[in-house]
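A short worksheet on the structure shown next.
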Amino acid sequence: MQTLIQNLIASGAFGKNPRWDLAAAITVLVMSAVVFLGVAFPFAGIVSWVERRVWARIQSRVGPNRVGPQGFLQWLADGVKNVCKEDIIPDEADARLFKLAPYLVMLAFILPWAVMPFSSSLILADLNVGILYMTAVTALTVVGLLMAGWASNDKWSLIGGIRSAAQIVSYEIPAGLSIFPVVLMTGTLSMQGIIRGQGWAPQHWFLFANPFTFVAANILYISALAEGNRTPFDLPEAESELVAGFATEYSGMRYLFFYMAEWGNLYIIGAIITTLFLGGWQFPHVTNSVVAMNVLQLITFNVKVLFLVFVSMWIRATLPRVRIDQLMTVCWKYFVPISFVNMIGTAVWVAIWPDGNAAMGYIMFAGMIAFGAVFIQRVIYYLRRSRMEVYFNPTI
Amino acid sequence: MSTLHTEEMTLNMGPQHPSTHGVLRFVVRADGEVMREAIPDVGYLHRSIEKIAEKVGYHGFMPYTDRVDYVCAMFTNQGWGMACEKLGGIEVPRRGEYCRVIAAEFNRIASHLLSVGAMAMDIGAVTPFTHAIREREMINDLIEELCGARLTFNYMRIGGVGWDLPPGWREKALKYLDHFDPILEEYNALISWNKIYVERLANVGVITPAEAINYNLVGPNLRACGIKWDIRKDIPYSVYPEFEFEVPVGNGQWGQLGDSMDRYVVRIREMAESSKILRQALEKIPPGAVLAKVVRNFRPPAGECQIRVESGRGDMGWYVVSDGTGYPWRVHVRTGSFAAMGIIQKLSAGLMIADLVTLIASLDVIAPEIDR
Amino acid sequence: MSALSEYVHNIKDTVSTIFEGMAVTASHFMRKPYTVQYPDRMPVRVQDTLPFRYRGILEVDLEICTGCLACERACPIDCIVIVADKDPQTRQLLLSQFDIDIAKCMYCGLCSEPCPTGSIHHTTEFEGADYSLESLIRRFVKDPVMAYKPKKGPETDSRIAPILNRGMTYLDQWAQPGGAKPAEEEPA
């Protein structure tokens, strides 16, 4: 950010001899607006359309495809519809808390975008404690959801809110513990530092560095899904039991805020995993032009994050949801002990090989390719058995 | 520290709810997540169908029987047809009986598909529901060619069936069965053996065999407790003795005997068995008439009769009292879902609220059948 | 050590079953959706794709109606109202009213079965939604017409013959009580 501001001043964008703090403030504000309003919110909307189309293909049907080309404007139509709806606040509900809750949840969704490393120089704030800031700020959702559940004056919402509070708070622990192996391997908490510690090739990613980080990556991904209230952990909004859980009494745009936060969280989950384990924006050095490299890095980062978003949607379409006591069992009896084992194992690994073990990277990457090959073989088996027509076109 | 004051909550899982399989109401007394009791409240779908029979007469009542249980319409049709035939001493020609069995077994597959699909959706997996409905749509297409309707079939008549198999239908039906068997295997791989699903269903709502008999459960609910009782084998009717098929029984291998997983797996296995029966029936169907001659103003002699049919939900009983005129004196239908409502209150003690949904779905409760 | 083996077994089970499930859904992602996008993205009108026996909205061909009132008696809901009186001058049966209330009709088919000529029949039309309840009472008689008298031999009137033909083909689809041969050919 510093270099960007200096470059901008040097190129005369602020006129002759501007005040440094004024130029910095304007740059930061404009960039924040671009990121928050131009990337975060539209993404949360667009991903709702993508999710519906992806779900529909998995379920043998066509998703929304009428509003706009291939239904692309469906999310805008949904937004407009929700804004036009009557804003119902239950009579006995605590109106101030009721109105405040969606904004807190939105806050938890918006704040992590400040440290999102889009490319080597496109980051709003390269904090020294980037990943810690992200973990801390995503936990704000608990406050919002509890507030929503309590303020609705509805027993079903209360159950949903309490469930979600228990869930998010519990899964913070395996998530936090799974970040430690990466921090041990790089020695820094800053997002750019962690990415710079990895290489562009898959075998240099932290995912394949050693078996402990592989398991840690999986645990982090699943815990992040649990924190984002996604299936298989979507009890707080279990549609078939509690109608909409904590959001039952909400209508119109307030209701949509909860869901936009959930959809937007998909990107944040993907970004955390990409940064920590998948090499972030690393791209081989093919050109000396800074702008071109930044664009390529931006594309790489987004491809990785969007793939993880797709996997989240795919998991949501496949798996049933777990019950609250099973959720707690999985967290405390399985994830937390395994996370501790990961941490200790990585510490031992770093002590033995301080510069990393390249051979292990290759071995694990080869193992992953074998796993992928087995998966594709199963997919082809099901395609052949069912004798239904194959159709690869994403549009219809 | 003195004990914390706690209260139990009374929640209302109201008539409008995404997962009560129709219009049912439960008053749930819960201590946090764990329920003390779930008291069912039925009657929202009562349409006086049994009384209507006394007004429309024997022939005219056949379409109304579809509405008693619209998911298993063929079985209700068959039950009413058999009751009137027994009263009037009419014999159905053999080809008619074969057509009845074919239509009924297709309906059983469709009903079980809806049941397992809805159960998967209540547990949280949304995809198996749409896959099951897709398969059901293909069966509906077949039956639409056969009798003209997709849900309320009105296929059977007193003395046989209303339409014969159209030309080319046998081949289409066999082609569908060839398509269905691998789809069932795929469905199982997707959801039935999924660990999360098994954990949700195993050991939930365990019904012991003695309880099942005491509470009058029938059908897959009863067979899941290990009791091998199927009307098609034990009190055979129609041409079922001519077919070879097994009666799947629960064995408690995922949890305890008689839990929800047993009920679910019994339904999946029953679909495979129905597929077997259908292949044999489509192979062996004899030529001939499908409808016996019955007069327009059907006046069976005074008397009463009781018929039991193995429908998708179990032993469906039809009790008809005739007084010699063209209108029945009294018709009563005894359905499996009504009995299942009685056991929900007892089983719900100690379950979690999420399990209540599982329990209702596994008992395959269809609201119109409870209230008629 | 059975607790540890059960622990590991649980993890292995979870991973393997989820793997299978994801393979199934991935395979579905590449299959053609089963949806039929009605009504605008269909090559043919839906009504033309429905089978011949489809029980849609009722229709009456008054040219071949004999005024026997069998359909009115058969209907369990009494949604057919027919007024057929003997005209004092011509001593023929005169149909002055033939109303079917398709709002009440439950599309059971019990009326088309006993019709001797197949004049009351189900069409493949199913789009009946309208803005007023009045429009759902289909009145088939505009001016009073004479009922049809079926002839002993084949029908000679060239205007009525095709309609009668269609009606009898429609009736052939129903099961013939007592053993008559069912229809062999699928009607066009």
Side-chain angles (χ1 to χ4, degrees), chain A residues 53-66 71 214-215 218-219 222 225 231-232 310-320 322 326 329-330 333-335 337-338 341 371-396, chain C residues 1-57 107 124-132 135 186 188:
Chain A
R53 289 299 295 256
V54 164
W55 267 26
R57 283 302 293 270
I58 293 181
Q59 294 169 0
S60 256
R61 55 186 184 87
V62 184
N65 66 346
R66 298 299 167 104
F214 185 77
V215 177
N218 282 315
I219 291 185
I222 301 176
L225 279 183
T231 317
F310 170 72
V311 170
S312 305
M313 293 178 195
W314 181 10
I315 290 183
R316 185 170 184 195
T318 313
L319 296 178
V322 299
Q326 291 163 354
T329 311
V330 165
K333 289 195 189 164
Y334 287 81
F335 280 178
I338 299 181
V341 167
F371 182 80
V374 170
F375 185 78
I376 293 181
Q377 186 252 338
R378 292 303 294 168
V379 171
I380 295 179
Y381 167 77
Y382 284 118
L383 277 176
R384 282 225 186 99
R385 278 280 283 179
S386 75
R387 284 184 267 171
M388 280 171 71
E389 206 184 315
V390 174
Y391 184 82
F392 287 107
N393 194 348
T395 66
I396 193 161
Chain C
M1 265 309 170
S2 81
L4 182 62
S5 73
E6 198 184 315
Y7 191 88
V8 171
H9 195 68
N10 275 341
I11 300 179
K12 186 177 80 64
D13 257 346
T14 312
V15 172
S16 67
T17 52
I18 293 183
F19 176 81
E20 279 295 319
M22 304 270 286
V24 170
T25 37
S27 76
H28 263 96
F29 194 65
M30 300 189 225
R31 293 190 213 171
K32 192 164 196 315
Y34 192 64
T35 316
V36 163
Q37 297 191 58
Y38 164 83
D40 50 344
R41 296 194 194 177
M42 294 202 54
V44 195
R45 270 180 79 229
V46 176
Q47 284 84 344
D48 299 330
T49 60
L50 293 170
F52 188 65
R53 295 183 186 181
Y54 187 76
R55 304 206 297 258
I57 298 183
Y107 304 97
T124 56
E125 192 57 52
F126 54 88
E127 291 166 349
D130 209 333
Y131 291 98
S132 74
S135 64
E186 179 77 15

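Not measured: the values here are computed from a predicted model. All chains are named by letter (A, B, ...) in the order of the sequence lines, taking the proteins before the strands, and each is independently numbered beginning at 1.
- Heavy atoms closer than 4.5 Å to chain C are found in the side chain of A/Pro337, but not in its backbone.
- Between A/Val379 and C/Ala26 the shortest heavy-atom distance is CG2-CB, 3.9 Å.
- Taken from CE in C/Met22 to CZ in A/Arg378, the straight-line distance is 14.5 Å, to the nearest 0.5 Å.
- For the set A/Val330, A/Leu319, A/Ile376, the entry with the most heavy-atom pairs within less than 4.5 Å of chain C is A/Leu319.
- The aromatic rings of C/Phe19 and A/Phe375 stand perpendicular to each other, their planes meeting at an angle above 60°, with 30° marking the opposite boundary.
- The two residues C/Arg31 and A/Tyr382 come nearest to each other via the heavy atoms NH2-O, 3.7 Å.
- Of the two parts of A/Val54, the backbone and the side chain both hold a non-hydrogen atom closer than 4.5 Å to a non-hydrogen atom of chain C.
- Here the shortest heavy-atom pairing between C/Thr35 and A/Val62 reads OG1-N, 3.2 Å.
- Taken from CD in A/Gln59 to NE2 in C/His28, the straight-line distance is 10.0 Å, to the nearest 0.5 Å.
- The candidate with the highest count of non-hydrogen atom pairs below 4.5 Å against chain A, out of C/Thr17, C/Thr14, C/Ile18, C/Val36, is C/Ile18.
- What you find for A/Ile338 and C/Tyr7 is that their closest heavy atoms are CG1-OH, 4.2 Å.
- In terms of modelled atom types and a separation under 3.5 Å, the side chain of A/Arg61 and the main chain of C/Pro33 share no donor-acceptor contact.
- Heavy atoms closer than 4.5 Å to chain C are found nowhere in A/Ile380, neither backbone nor side chain.
- Of the two parts of A/Tyr334, the backbone and the side chain both hold a non-hydrogen atom closer than 4.5 Å to a non-hydrogen atom of chain C.
- Contact annotation for A/Ile58: both backbone and side-chain heavy atoms come within less than 4.5 Å of a heavy atom of chain C.
- Atom CZ of C/Arg41 sits in a crowded spot, with more than 12 heavy atoms from other residues, nucleotides or ligands closer than 6.0 Å.
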